[in-house]
Amino acid sequence: MNAVQSAPSIRIASAPPPCFESTPAAPGTRAFLHLLEAFRASGGTAPGDAMSEMMKDHRRGDLVTLARLIVSRQVFGFGWRGSLWLPMFQFDPADLSVAFAPQAVRLELPDALDGWAVACWFAEPHEVLGGHLPVDLVGNDLRAVRDAARATCARLRT
């Protein structure tokens, strides 16, 4: 059985996704809460300052290391009310190393997408994934999620 069929739930939006009801420059509370909820089952989110402290505790670096990971597109974060938030599915929970699958998908997405847009992409249902969220499938069906990212690139080019 493939991962798309065995995923625990299908979250299909019947209205415009809350992520895209506000702009990345001024995300609304509803959009922020939507992202927190979407990432909850995959490890949640962490504020950037807490993440840098956790990285120190695991001997994975510090705030500078985290900034380099973001700039190099190995991980992404999104801003809300002056704070950076990082979805934890991007990290191995045992040692906080960067997880391969989310990084591989992130690199398929257009460079022009900022952290907020990337977070929304992972947190919204996609038709090519049978209505599933990429964050729910990335660990089980990397190929399908990468294909969805490529389809997004193709759609944005047209």
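Worth saying up front: this structure is predicted, and the values here are computed from it rather than measured. The basis for the numbers below is simple: all heavy atoms, side chains too, and nothing from hydrogens, waters or symmetry mates.
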*Asks:* So that I can tick it off, tell me whether Asp95 and Arg59 are bridged by a salt bridge, with the cut-off set at under 4.0 angstrom between side-chain N and carboxylate O.
*Replies:* no
*Asks:* Does Asp136 reach the side chain of Leu129, with side-chain heavy atoms less than 4.5 Å apart?
*Replies:* no
*Asks:* Please confirm whether the backbone N or O of Thr152 pairs with a side-chain atom of His126, one donor and one acceptor, at under 3.5 Å?
*Replies:* no
*Asks:* Quick check: do Asp57 and Leu96 have side-chain heavy atoms less than 4.5 Å from each other?
*Replies:* no
*Asks:* Where do Pro87 and Phe39 come nearest, in terms of heavy atoms and distance?
*Replies:* CG-CE1, 3.7 Å
*Asks:* Which distance, rounded to the nearest 0.5 Å, do you find between the CE of Met51 and the CG of Leu63?
*Replies:* 11.5 Å
*Asks:* Working to the nearest 0.5 angstrom, can you tell me the gap between Thr65 OG1 and Asp62 CG?
*Replies:* 4.5 Å
*Asks:* Enter the distance from Arg146:CZ to Leu107:CG here, rounded to the nearest 0.5 Å.
*Replies:* 8.0 Å
*Asks:* Output the distance between atom CZ (Phe100) and atom CG (Asp92), rounded to the nearest 0.5 Å.
*Replies:* 14.0 Å
*Asks:* Measure the shortest side-chain to side-chain distance between Met55 and Leu66 over non-hydrogen atoms and say whether it is less than 4.5 angstrom.
*Replies:* yes
*Asks:* Check the hydrophobic clustering (I, L, V, M, F, W, Y; side-chain heavy atoms under 4.5 Å; chains of links allowed) and say if Leu109 and Val138 are grouped together.
*Replies:* yes
*Asks:* Quick one: are the ring centres of Phe76 and Phe122 less than 6.0 Å apart?
*Replies:* yes
*Asks:* How far does CG of Leu142 sit from CG of Asp147, to the nearest 0.5 angstrom?
*Replies:* 9.0 Å
*Asks:* What class does the angle between the rings of Trp116 and Phe78 fall in, given that below 30° is parallel, 30 to 60° is tilted and above 60° is perpendicular?
*Replies:* perpendicular
*Asks:* Can you find a pair of side-chain heavy atoms, one from Ser97 and one from Arg60, that are under 4.5 Å apart?
*Replies:* yes
*Asks:* Side-chain heavy atoms under 4.5 angstrom apart, residues restricted to Ile, Leu, Val, Met, Phe, Trp, Tyr: same cluster for Leu137 and Leu35?
*Replies:* yes
*Asks:* Identify the two heavy atoms, one from Val75 and one from Gln90, that lie closest to each other, and give their separation to 0.1 Å.
*Replies:* CA-OE1, 3.2 Å
*Asks:* Please check this pair: side chain of His58 against backbone of Met54, looking for a donor-acceptor N/O pair closer than 3.5 Å.
*Replies:* yes
*Asks:* If you compare all heavy atoms of Val128 against all heavy atoms of Ala148, which two are closest, and at what distance to 0.1 Å?
*Replies:* CG2-CB, 3.5 Å
*Asks:* Decide yes or no for Arg40 and Glu37: does some side-chain heavy atom of the first lie under 4.5 Å from some side-chain heavy atom of the second?
*Replies:* yes
*Asks:* Are Thr29 and Arg81 close enough that some pair of their side-chain heavy atoms sits under 4.5 Å apart?
*Replies:* yes
*Asks:* Are the side chains of Pro110 and Cys153 in contact, using a 4.5 Å heavy-atom criterion?
*Replies:* yes
*Asks:* Give a yes or no on whether the ring-centroid distance for Phe32 and Trp85 is below 6.0 angstrom.
*Replies:* yes
*Asks:* What are the two closest non-hydrogen atoms of Leu113 and Arg106, and how far apart are they?
*Replies:* O-NH2, 3.8 Å
*Asks:* How about CZ on Arg68, more than 12 heavy atoms from neighbouring residues, nucleotides or ligands closer than 6.0 Å, or not?
*Replies:* no
*Asks:* Same cluster for Trp80 and Leu86 if Ile/Leu/Val/Met/Phe/Trp/Tyr side chains link at under 4.5 Å?
*Replies:* no
*Asks:* Taking all heavy atoms of Ala38 and all of Val135, pick out the closest pair and write down the distance.
*Replies:* O-CG1, 3.8 Å
*Asks:* Evaluate the side-chain proximity of Glu108 to Val145: yes if any heavy-atom separation is below 4.5 Å, no if none is.
*Replies:* no
*Asks:* For residues Gln103 and Val98, report the shortest heavy-atom separation together with the two atoms involved.
*Replies:* OE1-CG1, 3.9 Å
*Asks:* Going hydrophobic residue to hydrophobic residue with side-chain gaps under 4.5 angstrom, can you get from Phe89 over to Trp121?
*Replies:* yes
